[in-house]
Structure formats: C-alpha cells, structure tokens
Number of protein chains: 2
Amino acid sequence: MAKPPNPNTPLTEHLAYLLAQANREINRQLESRLSTEGVPVEQWRILKVLSDGEGHSMGDLAEAVLLNHPTLTKMIDRMVSDSLVYRRQDAHDRRKVLMFISDRGKALCKRLNSLAASQEAHILENYGDKATGELKRLLENLIDAAS
Amino acid sequence: MAKPPNPNTPLTEHLAYLLAQANREINRQLESRLSTEGVPVEQWRILKVLSDGEGHSMGDLAEAVLLNHPTLTKMIDRMVSDSLVYRRQDAHDRRKVLMFISDRGKALCKRLNSLAASQEAHILENYGDKATGELKRLLENLIDAAS
DNA sequence: TCGAAAATGTTGAATGTTCAAGAATTGGGA
DNA sequence: TCCCAATTCTTGAACATTCAACATTTTCGA
C-alpha cells in the first residue's frame, strides 16, 4: 500500500531544503576563499568557461554559469572594465556577441583555480573521498532527471 | 603517491558547481509550483517553521530559513501586510521579537505544503526512492561536516 | 523575394538584497 | 550599583537582480 505524502514534514527533511542549505554553506566557503582576489564566484565560473580560448556567446555563457541574460550582461560589463574579458561580434551571426578571456583574465583565473582547488581539497579531507564521489554522482543524476 | 589537485578541472566536476546547478533546478521547479499561490519559496519556509504555533525570534527564523537578518526583516514586513504572520515582543527579553503565524497563514501553509509534497513526489518518481534517500543522507553529512 | 516571426543581446525601471550604522535591551565585571 | 560591551532587530543608502520592452539580425514560409 502506497503511503500518502505527509504534508507535515519538517523543513529539514525536504530535498529542496537540504540542497539549499548545502549549496549555501559550500558557496559561502568558496566565496570566502575567492575573496582574497576580490572576485565573486560567478566571475570565476565565467573565466573558467572562457579559459579554453574559444569565443562563447552570451547565451551559452549564461547557461553555463547559471545566470540569466541581463544579469550576465551587467556582470560582463564590470569584467570588461576590469580588462578580464572582451567582446567581439560573431562574424557568422551578427546577433551574437562572443566573449573572450584576456591575458589578465587568464592570470587571475589561474590564481582562482588554485584557491578553489584548495577548498575542494579541504572538503575531501573532512568528508571523505568516497562520499564526495558518490555525492557528485547522485547530483549529476538528479540534474539529468530533473531537467 | 598523492596526485596533486588538477586546476584545469571543467566547471561541471566541481562539487560547488553541481550543488549550485541541482539547487537551481529543484528550486525553480518548487517555485513554479508555489507560484500558484503567488508566494516565494522563502515565505513557505517561514510559514512552515512557524506552523508549530510557537513564537520564533527573528534570529532563529533567519537561521532556519537561510536568510540574513535584514532580508528577513523586510520579507516579514510584507508578510505582516498580507496578514500571514504577526510580531510580538518577547516578554522575557525585550530585545527579541517573536513571530507567530496567523490563521490565514496556517491556511495558506497547508495549501503550500501540498503543492510542495506533490513536487517531492514527482522527483521521487523520476529519480527513485533509493537514490533520493541516499542523496538526502549524503547532503546531511556534508552540511554537518562543512559547518 | 518579401515580410512576419524567432533568436540574440542590451537597457531602464521596479524590485530585492546587502552592508554599515543605529536604537533598544541585556549581562557581567569593576 | 554602574557602566561598557555584547546581543537583537531595524533602517537607509549602495548595490545587484529581474522583468518587460526594445533594437538588431536571422530564418523561413508565402
């Protein structure tokens, strides 16, 4: 017999809540590491995506770094002011804007990567290799199943 | 031999990124369910915490629903306007403000609970009982280990 | 070929969040 | 007891995000 869903579940038993909580905590820690360079997490993600040297359209970038279009536009404006990235129009589709990383951006990204890596290492230590791997696997599956 | 951390990991292999992605997706779905009642996810959390009928201080509430103080204050202002909750001063410590849920708030919370339950049920279906339970367990451990 | 609809990115106004400072109250040591 | 530091919550200004509307370019069917 299927048991009916219990609507009086405490907050802490909801998957959505656990995800929010874990995300908040991990993100906070990462943020605090990256603050050495005075850079928000999203900018690190942007730099990392652009690190392949290819041009990425604003749309693709927005998708990849989990920001919506207008927010990304304004964040990119700031990064252009800081000479971390630059815009080029796509020759094949002139509606598109392609983003590229600058040398300055590459150098910063390198430093950020190592800060982020040290955070991951710290998690691995406390939480264990096996649990981390398993968690990653489950999260990937959830993302696939949910979207 | 311990392998050195690889700084050139793609974005999608970072735990922080996977968490952000999963959280975003699940939260989006929940938001879309709750939008039937025109209520943001945070307000549902607040109502749920207050559903025990006890008075909760702003500080405790902020902690529980993952908002910082000023943000919570302003959200509570809105909810008071909507007659969902009300403030009372704590008699024992008059610095504190205790929040209570109103009848209107209780009725709304009930409807929201069932919307949220149907989302969880939907996830369970696509993702499986076992994986969901395991994921919840790993997330709880991570939260403990990280904080 | 032409024109309407879709795709892509930006902008400005409305809205929400955050940071720093402030007001009120409590607690604890001199 | 008295005063100063700590706690709790709110406020206002600075800042960031979101929504809707717009401009440009491409696509595709009539």
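In what follows, every chain begins at residue 1, and chains take the letters A, B, ... in the order their sequences are listed. Everything numeric in this text was worked out from a predicted model, so none of it was measured.
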- Query: Would you say B:Ile46 and B:Leu72 make side-chain contact, with heavy atoms under 4.5 Å?
  - Reply: yes
- Message: Does anything in residues 34-47 of chain B come within less than 4.0 Å of DNA chain D? Heavy atoms only, and list the residues if so.
- Response: none
Salt bridge or not between [X] and [Y]? Use side-chain N to carboxylate O under 4.0 Å.
{"X": "B:Lys136", "Y": "B:Glu120", "result": "yes"}
{"X": "B:Arg137", "Y": "B:Glu134", "result": "yes"}
{"X": "A:Asp77", "Y": "A:Arg87", "result": "yes"}

For atom [atom1] of [X] and atom [atom2] of [N], their distance in whole Å:
{"X": "B:His69", "N": "D:dG12", "atom1": "NE2", "atom2": "P", "value": "19 Å"}
{"X": "B:Asn68", "N": "D:dT10", "atom1": "CG", "atom2": "C1'", "value": "13 Å"}
{"X": "A:Glu63", "N": "C:dG9", "atom1": "CD", "atom2": "C1'", "value": "16 Å"}
{"X": "A:Leu98", "N": "C:dT8", "atom1": "CG", "atom2": "C1'", "value": "12 Å"}
{"X": "A:Ile76", "N": "D:dA16", "atom1": "CD1", "atom2": "P", "value": "15 Å"}
{"X": "B:Gln89", "N": "D:dT10", "atom1": "CD", "atom2": "C1'", "value": "13 Å"}
{"X": "A:Asp60", "N": "C:dG9", "atom1": "CG", "atom2": "C1'", "value": "13 Å"}
{"X": "B:Leu67", "N": "C:dC19", "atom1": "CG", "atom2": "C1'", "value": "16 Å"}

- Query: So which heavy atom on B:Ala116 is nearest to which on B:Leu34, and how close?
  - Reply: N-CD2, 4.4 Å
- For B:Lys48 and B:Asn113, work out which heavy atoms get closest and say how close. NZ-OD1, 3.3 Å
- Task: Consider the side chain of B:Arg78, meaning its heavy atoms from C-beta on, and name the nucleotide among D:dT10, D:dT17, C:dG16 that approaches it most closely.
- Result: C:dG16
- Task: Would you mind telling me which of C:dT17, D:dT10, C:dG12 lies closest to the side-chain atoms of B:Thr71?
- Result: C:dT17
- Which sits closer to the 5' end of DNA chain D, B:Leu72 or A:Pro70, going by the nucleotide each is nearest to? B:Leu72
- Task: Count the heavy atoms belonging to other residues, nucleotides or ligands that lie under 6.0 Å from CD of A:Glu63, then report whether that count exceeds 12.
- Result: no
- Quick one: is D:dC9 close enough that its OP1 or OP2 comes under 4.0 Å of any side-chain N or O from B:Thr73? no
Atom pairs under 3.5 Å, N or O on each side, protein against nucleotides 26-28 of chain C: can you list them with distances?
from	atom 1	to	atom 2	distance (Å)
C:dT26	OP1	B:Arg94	N	3.1

- So, A:Asn68 and A:Thr71: side-chain donor and acceptor under 3.5 Å apart, yes or no? yes
- State whether the distance check finds a donor on one side and an acceptor on the other, under 3.5 Å, for side chain B:Lys74 versus base C:dT15. no
- Message: Return the OH to CG distance between A:Tyr127 and A:Leu135, rounded to the nearest 0.5 Å.
- Response: 4.5 Å
